[in-house]
Undergrad: 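Structure below; questions to follow.
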Amino acid sequence: MSEQFPNIPKIAYEGPQSANPNSFKFYQADKVVMGKPMKDHFRFALSWWHTLCSGGQDMFGPGGADKSFGAEPDTMAHAKAKVDAGFEMMTKLGVEYFCFHDLDLVPEAADIQETNRRLDEISDYMLEKMKATGIKCLWGTANMFSNPRFANGAGSTNSADVYCFAAAQIKKALDLTVKLGGLGYVFWGGREGYETLLNTDVKFEQENIARLMRMAVDYGRSIGFKGDFFIEPKPKEPMKHQYDFDAATAIAFVRQYGLDKDFKMNIEANHATLAGHTFQHDLRISAMNGMLGSIDANQGDLLLGWDTDEFPYDVYEATLCMYEVLKAGGMTNGGFNFDAKARRPSYTLEDIVQGYILGMDTFALGLLKAAALIEDGRLDQFVEERYASFKTGIGAKIRDHSADLKELAAYAETLGAPARPGSGKQEYLESVVNAVLFGG
């Protein structure tokens with residue numbers, strides 16, 4: 001087997017002063033940060049779809065990247081070539097995990113039986129590579145949004161036949177995830193939503209989505225899947241309104257339908273900003289509800305306004321992300337998969353590798369700076385002091401549920417006019433972040 005990345009060496013840490021584009025400036029896999037190695041904080045994962053499948057196309061035209069890897073596209077030979085390329089790339093980068101959709105792995109056949117046979121064949125081949133390299137599966141999922149049959153969704157479809165086909169895909173994707181030792185299984189509702197309420201029964205569709213997820217949980221547990229099920233929130237694209245709008249919406253959904261013991265959130269930076277939130281907002285909402293599961297590591301371009309899936313380079317955002325992850329105590333079965341692609345004009349295989357270097361370095365630096373923020377302590381101290389009035393007196397009675405509305409009203413009458421609340425000092429706190437990030 002010939003190398004697909006012959007000009008790419010094994011990527012090593014050379015430090016921030018290095019001018020070598022094929023080196024890590026900040027990512028040191030075994031460097032211990034807050035009690036554990038960098039690599040264990042992240043569980044960085046290769047995304048099969050963008051990395052090995054996408055040619056750089058966008059809604060305005062085809063891409064220019066050659067992802068044939070020396071084989072005829074849409075053949076099993078090509079599927080195996082992608083495996084070879086993916087494992088070579090992960091080995092050279094030191095990336096220890098991958099994640100996949102079922103139809104990233106093989107070309108879809110005319111009938112599901114043949115597609116499943118192809119999936120069995122390719123997963124056998126992947127297992128050989130996994131045993132040889134020690135690389136593992138972070139999570140699996142099923143592509144239930146690309147084929148025209150899913151125009152009206154999978155769980156939310158108006159067709160019982162399509163619903164059954166979606167169930168069959170989920171069953172097989174769960175079989176593959178267990179076979180490959182995956183730590184999680186993701187639901188991304190790419191078509192689970194609506195274009196207009198004029199033809200949509202929202203309650204009916206959401207109940208059917210919940211039924212499909214419950215069946216997936218029951219089946220997964222019956223075949224030995226012990227990991228987490230994840231929902232990946234997104235407010236729009238490709239549907240105008242998607243049901244898993246943001247973390248808060250998705251958390252409310254799983255609680256409403258009794259799925260909260262099995263599901264956590266897989267938060268993507270670009271999806272959070274499309275919902276009108278910051279990345280760290282959806283991470284905080286997930287964490288405070290005990291549902292921070294995994295992370296799609298990318299970023300969007302607010303000037304373009306769609307899901308651009310760029311490799312992350314914003315260290316400020318990465319720092320605030322890692323601050324939330326560290327404060328939450330990390331993730332149990334999740335990791336950081338690079339749901340990211342090189343820009344359309346960056347079409348070489350070397351560009352893809354350097355995109356991963358950029359993303360891994362960005363989050364490594366974010367981890368170091370987030371740890372420094374926590375060790376600095378000023379942010380935590382300020383927040384603690386900001387709510388100090390709830391630690392004693394009437395505030396403490398509010399918190400321990402020993403006061404009622406009448407008592408609070410009576411207390412308010414003794415105050416006359418209450419003092420203004422303490423200053424939020426946002427500008428000062430932002431200067432603290434800047435000082436830690438850039439103060440040397």
Undergrad: So W48 and V83, do their side chains get closer than 4.5 Å, heavy atoms only?
TA: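 SC-SC contact between V83 and W48 confirmed.
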
Undergrad: Using the side chain to side chain donor-acceptor pair (under 3.5 Å) rule, pick out the option among E268, H50, H271 that qualifies with N298.
TA: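 Going through E268, H50, H271 one by one, the side chain to side chain donor-acceptor pair (under 3.5 Å) with N298 is satisfied by E268 alone.
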
Undergrad: Using the benzene-type ring in the case of Trp, are the ring centres of F145 and W188 under 6.0 Å apart?
TA: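 Distance test on ring centres: under 6.0 Å, yes.
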
Undergrad: Does the distance from a Lys or Arg side-chain N to an Asp or Glu carboxylate O, for R117 and E114, drop under 4.0 Å?
TA: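 Yes, charged N to carboxylate O under 4.0 Å.
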
Undergrad: Using a strict cut-off of less than 4.0 Å between a Lys/Arg side-chain nitrogen and an Asp/Glu carboxylate oxygen, indicate whether E384 and K391 qualify as a salt bridge.
TA: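 Yes, charged N to carboxylate O under 4.0 Å.
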
Undergrad: Give a yes or no on this: more than 12 heavy atoms of other residues, nucleotides or ligands lie within 6.0 Å of atom CD of E407.
TA: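 Buried by this count: over 12 neighbours within 6.0 Å.
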
Undergrad: Just checking, any donor-acceptor pair under 3.5 angstrom between side chains of S431 and N434?
TA: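 There is no such pair (donor and acceptor under 3.5 Å, judged by atom type) between the side chains of S431 and N434.
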
Undergrad: Answer yes or no: is there a donor N or O on one side and an acceptor on the other, between the side chain of K67 and the main chain of S54, under 3.5 Å?
TA: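 Between the backbone of S54 and the side chain of K67 there is a qualifying donor-acceptor contact (under 3.5 Å).
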
Undergrad: Please confirm whether the ring centroid of F338 lies under 6.0 Å from the ring centroid of Y356.
TA: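 F338 vs Y356: aromatic centres under 6.0 Å.
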
Undergrad: Does R343 CZ have over 12 foreign heavy atoms under 6.0 Å away?
TA: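 Buried by this count: over 12 neighbours within 6.0 Å.
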
Undergrad: Does NZ or CZ of R149 fall inside the cone over F165's six-membered ring, less than 6.0 Å from its centre and within 45° of the axis?
TA: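 Verdict for F165: a cation-pi partner in R149.
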
Undergrad: So, R43 side chain and Y97 main chain: donor-acceptor pair closer than 3.5 Å or not?
TA: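 No.
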
Undergrad: Output yes when D404 and K406 qualify as a salt bridge under the 4.0 Å nitrogen-oxygen rule, no when they do not.
TA: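 Here D404 does not pair with K406 in a salt bridge, since their nearest N and O are not under 4.0 Å apart.
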
Undergrad: Aromatic contact between F44 and Y27, with the criterion being ring centroids under 6.0 Å apart: yes or no?
TA: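 Ring centroids of F44 and Y27 are less than 6.0 Å from each other.
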
Undergrad: Are the side chain of S423 and the backbone of K425 linked by a donor-acceptor contact shorter than 3.5 Å?
TA: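 Confirmed, S423 side chain pairs with K425 backbone.
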
Undergrad: Does F263 have its ring centroid less than 6.0 Å away from the ring centroid of F230?
TA: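 No, they do not, as the ring centres are separated by 6.0 Å or more.
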
Undergrad: Please determine whether a side-chain nitrogen of the Lys or Arg among D307 and K236 lies less than 4.0 Å from a carboxylate oxygen of the Asp or Glu.
TA: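 Between K236 and D307 there is no salt bridge, as every charged N stays at least 4.0 Å from the carboxylate O atoms.
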
Undergrad: So, T115 and E108: side-chain donor and acceptor under 3.5 Å apart, yes or no?
TA: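 No, E108 and T115 have no side-chain donor paired with an acceptor closer than 3.5 Å.
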
Undergrad: Taking NZ, NE, NH1 and NH2 as the nitrogens, is one of them in K327 or D380 under 4.0 Å from a carboxylate oxygen of the other?
TA: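 Looking at D380 together with K327, the answer is yes, because their closest N to O distance falls below 4.0 Å.
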
Undergrad: Does one side chain, of D246 or T249, offer a donor that lies under 3.5 Å from an acceptor on the other?
TA: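 Short answer, yes.
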
Undergrad: Is the closest side-chain donor-acceptor distance between D161 and S159 under 3.5 Å?
TA: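 Checked: D161/S159 side chains show no N/O donor-acceptor pair below 3.5 Å.
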
